[in-house]
Amino acid sequence: MARYNPKESEPRWVKAWDQAGVFATKAQSDAGDQPKYYVLEMFPYPSGRIHMGHVRNYAMGDVVARFKRARGYNVLHPMGWDAFGMPAENAAMERGIHPKGWTYDNIASMRQQLKLLGLSIDWSREFATCDPDYYGHQQAWFLSLLQKGLVYRKEGVVNWDPVDMTVLANEQVIDGRGWRSGAVVEKRKLTQWFLRITDYADALIEGLGGLDRWPDKVRTMQENWIGRSRGLRLRFQFADQAPTGFEAGLEVYTTRPDTLFGASFLAIAPDHPLSDALAKANPAVAAFVADCRKGGASGADIETAEKKGLDTGLCVRHPLDPNQTLPVWIGNFVLMDYGTGAIFGCPAHDQRDLDFARKYALRVQPVVLPPGQDPRTFSVGLEAYTGPGTVFNSQFLDGLDIETAKARVIDQIEAAGQGKGATVYRLRDWGVSRQRYWGCPIPVIHCQACGVVPVPREQLPVILPDDVTFDRPGNPLLRHPTWRHVACPTCGAAAERETDTLDTFVDSSWYFARFTDPKAADPINTAAADYWLPVDQYIGGVEHAVLHLLYARFVTRALKDTGALDVAEPFAGLFTQGMVTHETYRGPDGQWVEPQSVEIIAEGNSRRAVMIDGGAPVVIGDIEKMSKSKKNVVAPEDIFDAYGVDAARLFVMSDSPPERDVQWTNGGVEGAWRFVHRVWTEFDSQPEGAVAKVPYSHESRALDLLKAAHRLIGALTDSIEAFRFNGGIAKLYEFLNIIKGLPAAGATPEILSARADALSILARLVAPFTPHLAEACWERIGGDGMAVNAPWPVLDPELAADDQRILPVQINGKRRGEVTVLAGLGHAEVEQIALADEGVARHLEGLTVRKVIVVTDRIVNIVAN
RNA sequence: GGGGACGUGGCGGAACUGGUAGACGCGCCGGACUUAAAAUCCGUUGAUUUCGGUCGUCCGGGUUCGAUUCCCGGCGUCCCCA
C-alpha cells in the first residue's frame, strides 16, 4: 500500500490532460446538442506571482467548469492577461526595464504557476491586452464608436494625479487620492477623450432588473453609482443689473422643488462661467476660485472638505415670490458637472446647505414639518431635516406632502416658462484619456486643416513604439522623436498622432467577447459571440462592483448598437468571492513578521506566538487581507510544495462560504491534506481488479452505504449549483467517514461490491475540487478513461430517498425524546407512536395533553399542562 | 448622515421556505503505535449539574405549539454611498 504522493501524481495528470487535449473548447458546430456554458474568472493583472487570492478565485471557477463539463455541457473556460497599466511603467522608471519585457516575463512565470493549479482551461485561447492584435481590434471598435458619436473630446475639469502624471476617472479617486499612487488629486482643465456612458444611464439601470443571478448588493451599488434623480431646472432672474452675458438669469437644478420657499441663497460652482466672468474683474474672486481648485473633484471629496464660500454681491429674485431676493454665492461644494453647476440653498432641509448657512449666517427657514411637530415651535438647529412631512411656510404649497408639492412646483414653474422638470444622473461620461505610454494608443490623428481624423482601418493597429525612455516623468509618447509625426490620412499634410492612451478599464470591458473567438479577423466574431455570450458564470472580487462591471455592461451595449454583438448584458451570472486573510504578527521591535518565522504555542484554549529563531515573543495581531506590507502572506508555491495543489484548492474553498473572506491557517490546510490522503487510502485498500457485483439487498450496511452515496450525489450537486462549496466539501468529509466505517479489510463480498460502487461515485464527486486525486483514484479502481471525462454520477431517487425518519418529540417546546417512523406517515399514526414512547410518557405524567402538533417527517410537539 | 450585510463553542463555520442548535474542519484533552519525538490511527470535547435536569445562537421586548431564523427597540463589527 503506497502513500499518495501529490508531487508525483499532480504533474503527471496535468500532462495527461494536456496530451489528451481534454480542455479544448468545441465550436458550436461540433457541440451537437450539448448546451453551452461559459465560465469566466476575472483575468489577472500580470504582477509576476500568483497569490492565494488567485488560487481561490480560479479554483472556484474550475469547480464550476469541471462540474458543468461532467454534466454534459460544452464549456468555455479561457484565461488571459489584463496587461497594460502603470506598474509596468513604474518598473521601467525604477529599474530601467522595458514595460513590454517586464510584462511578458511576468506573464510567462504566472502562466507557469497557474498551470500548476490544474485548471481546466483552454489555453489555446490565451491573449494579453497588450498584444498588438488585441489592442488593434480595440482601436477598431473604438473608431466605430467614434463614428456613432459615442466618443467625443471636450475640455473639462479633471482629476490629475501629480505623481502618476495622469488623469483619473472619478471612480479612481478614493478619499481625494489617486487609487494607485495614493497622491492627493488636483483639479485641472484638460482636453480629454470621453465615452458617452451617460447615454446608456437609463438602459444600465433598467438592465439591472434582469440580472437575477447577480448579488443584490452589486446591483444596488451600480444603481446608486448611476444615481438617477428627478428634479427641476429653473431660472432665477437677477434683481438688479445682470452681469454681461447672464441677462437670461441663472439656471439651477434641484431635486427638492418642494423646498423652494425655504431657499435663502444661490450658490454656483467655482468653475461656473459666472465665476470665471467675475474672477476676471475681481482679484478676490480669482483668488477664491484658485483656492477651490485644490483637492479632488469627486462628490465625496467635496462633501468632506470644509464648506467655503464667497458672496458675489449679486442678488436674484425668488421665482414664486417676487418680493423676495436671494444673495448669490460661490460655493466650493457645488459641482459644475452635476445639474447646471448652480443650486439654490435650502438650509433647513439639506445638510450641506445648512453647514454653509450656519457658517455665513444665512437665513434658515423650515418649510417641511416633521409628523407630530408643532409648526409654531419647530426649528432646525445644526441638523437639517430631510425626512417626510408636511409642507408649511410655503404659500400655495402649505399642507401638501412632499411628493405632491414637488409636482405642484414643477407645474407652476413650467406654466410660467421659468423652467422644466428634468432627470439628472450622478454618473458622468467616462473619461478614458491617460497620458501614459503603456496602454492602447487612441487611434486618431490631429491635422491642422482636417481636425481630428480617425486612423484608417487598414493602418490599424497603431502600435506602441518600443524605443521609449522613462528617465523623466510624463508621457514618453509625447517626447518620442518620430512616432507621433505622420501624414494626415485625409489631406496628406504633416499631422500628429494622438499621444493619449486608453484607460486600462477599456481593455477589460470586452475581453470576454474576444475569448469567444480570439483569432477572429474582426474585433468580435459575431456568430461565436452570439453562441457563447452572455457569460453564464462570472467570478471575481467585489471591488469591481462599479468600475469594471459597469464599464463592461456599457461597452457591451455600445457594441451591440454598432452591430458587433447581439447581447446587451455580458454577464448573466455574477459571483463575488471573498478574500484570503491571515493573522498578522509583530516581532519584539514592533515590525511585521511573516508567518513562516513565527511559532504558535497552544496553552489549553489560548495561544501565544514566539519567533522560531530565538524564541522572542511575538504579538498576534488582527486577521487581515494578505498583503506584502503586513507580511501576512503565504506563497502558493510553498503550499503546493508542502501539501500539494489539491489540498490548497480544497482548503481555500472548504473553510468559509465562498462570498466571505477565508482565513488561511496551517491547521486548515493540513486538514485538507489529511482528507486527500484518507480518500486515497480508501481507494488503495480496495482489492485490485474488478470486484464481483453482488446485489446488496441482504446486508443493510451495504445498502446504507449506497444510500449515503446517492444522498451525497444530490447534496453535492445542489451545493455546487448554489455556490455553497464549503457545505459540499463538508458532505464529502462526512461521506468519507461513513465509508471508513466499512473498511475493505475483512469485508463481505456484498460490502466490497457496495464499496466499489460508492468509490466510483466518490472519485467523480471529488473531481471538481481535487482533480488530480480524482484521476489517481479513478485509475486505481479501473475507471473508464480519465475521471475528467467521466460523467457526473446519476442520482437514483429510490436509493436517495430515506424510508425511515427519526422525529424529535417535544413537550411544550422542549425536546423529550425521539421516535423512528416510516417517512410520510400520517399525523394520527405518528401521534400515537409518539404518545406511546416510554420516555415521552414519563414526561407526561401528571399532565393533560391539550394538543399534539405533527409536522410530517419533521417533528412532533405535544402541548400539555 | 443615508442604505445594506453580519453578530452562533476556544477558532473557521453548519442548520433548506419557523421544526433535534453546534454538521464538517481546526484546536484542546485522553488513548494506541514508538526507546523517544514527528507522522498516523482511535476516542472525548457548548456551559453547568445534586446526573433528575437546568441554561445556552450579541442585549431587551414581542408574535408562535415551537424563534439562530419573523417583528420592534438597543449595542457592536464590516461594506457601499454621501
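Both backbone and side-chain heavy atoms feed into the values below; hydrogens, waters and symmetry mates do not. Below, chains carry the letters A, B, ... as their sequence lines are ordered, and counting in each starts from 1.
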Please produce a list of atom pairs where a protein N or O lies less than 3.5 Å from an N or O of nucleotides 65-71 of chain B.
from	atom 1	to	atom 2	distance (Å)
B:rC65	O2'	A:Asn861	ND2	3.2
B:rC65	O2	A:Asn861	ND2	2.5

key: Nucleotide forming a Watson-Crick or wobble pair with B:rG22, both distances under 3.5 Å   = none
key: B:rU77 - base-pair partner by Watson-Crick or wobble geometry, distances under 3.5 Å   = B:rA5
remark   = Picking from B:rC24, B:rG19, B:rA14, the nucleotide nearest the side-chain atoms of A:Asn726 would be B:rA14
task = With sequence neighbours excluded, tell me which residues meet side-chain contact (heavy atoms from CB on, under 4.5 Å) with A:Glu818.
result = A:Ile806, A:Arg815
remark   = Scoring nucleotides 39-57 of chain B by protein non-hydrogen atoms under 4.0 Å (B base, S sugar-phosphate only, - none) yields -SSS-----------SS--
query = Can you list, by residue number, the residues of residues 820-832 of chain A that have a non-hydrogen atom closer than 4.0 angstrom to RNA chain B?
reply = none
query = Base, sugar-phosphate alone, or nothing: which one does A:Ser656 contact when heavy atoms must sit under 4.0 Å apart?
reply = sugar-phosphate
query = Closer to the 5' end of RNA chain B via nearest nucleotide, is it A:Arg815 or A:Ile623?
reply = A:Ile623
key: Residue list, side-chain contact (heavy atoms from CB on, under 4.5 Å) with A:Asp655, at least two apart or on another chain   = A:Phe651, A:Val662
inquiry  = Using 30° and 60° as the class boundaries, would you call the ring planes of A:Trp673 and A:Tyr643 parallel, tilted or perpendicular?
reply    = perpendicular
inquiry  = Heavy atoms only, 4.0 Å cut-off, all strands: where does A:Gly727 land among base, sugar-phosphate and nothing?
reply    = nothing
key: Those residues that, when tested against A:Ile739, pass side-chain contact (heavy atoms from CB on, under 4.5 Å) (two or more places apart)   = A:Glu682, A:Leu705, A:Phe735, A:Leu736, A:Arg755, A:Ala758, A:Leu759
request  = Quick one: list whatever passes salt bridge (charged side-chain N to carboxylate O under 4.0 Å, His left out) with A:Arg608, sequence neighbours left out.
outcome  = A:Glu603
task = Would you indicate which nucleotide in B:rC16, B:rC24, B:rA14 comes nearest to any side-chain atom of A:Glu734?
result = B:rC24
query = Who pairs with A:Arg649 by salt bridge (charged side-chain N to carboxylate O under 4.0 Å, His left out), at least two apart in sequence or on another chain?
reply = A:Asp62
request  = Mind listing the residues from residues 716-725 of chain A sitting with a heavy atom below 4.0 Å of RNA chain B? Number order is fine.
outcome  = none
inquiry  = Partner lookup for B:rC70, please. Criteria are Watson-Crick or G-U wobble with both distances under 3.5 angstrom; report none if nothing qualifies.
reply    = B:rG62
inquiry  = Base, sugar-phosphate or nothing for A:Asn737? Non-hydrogen atoms, less than 4.0 Å.
reply    = sugar-phosphate
Using a cut-off of under 3.5 Å, enumerate the N/O to N/O pairs linking the protein to nucleotides 3-6 of chain B.
none

key: Watson-Crick or G-U wobble partner of B:rC55, both distances under 3.5 Å   = B:rG46
query = Listed by chain and number, what are the side-chain contact (heavy atoms from CB on, under 4.5 Å) partners of A:Ala348, not counting sequence neighbours?
reply = A:Val364, A:Pro366, A:Val380
What pairs of donor and acceptor atoms, side-chain ones from residues 725-734 of chain A against any protein atom, are under 3.5 angstrom apart with sequence neighbours left out?
none

Closest-nucleotide ordering on RNA chain B, the 5'-leading residue of A:Tyr733 and A:Glu818 = A:Glu818
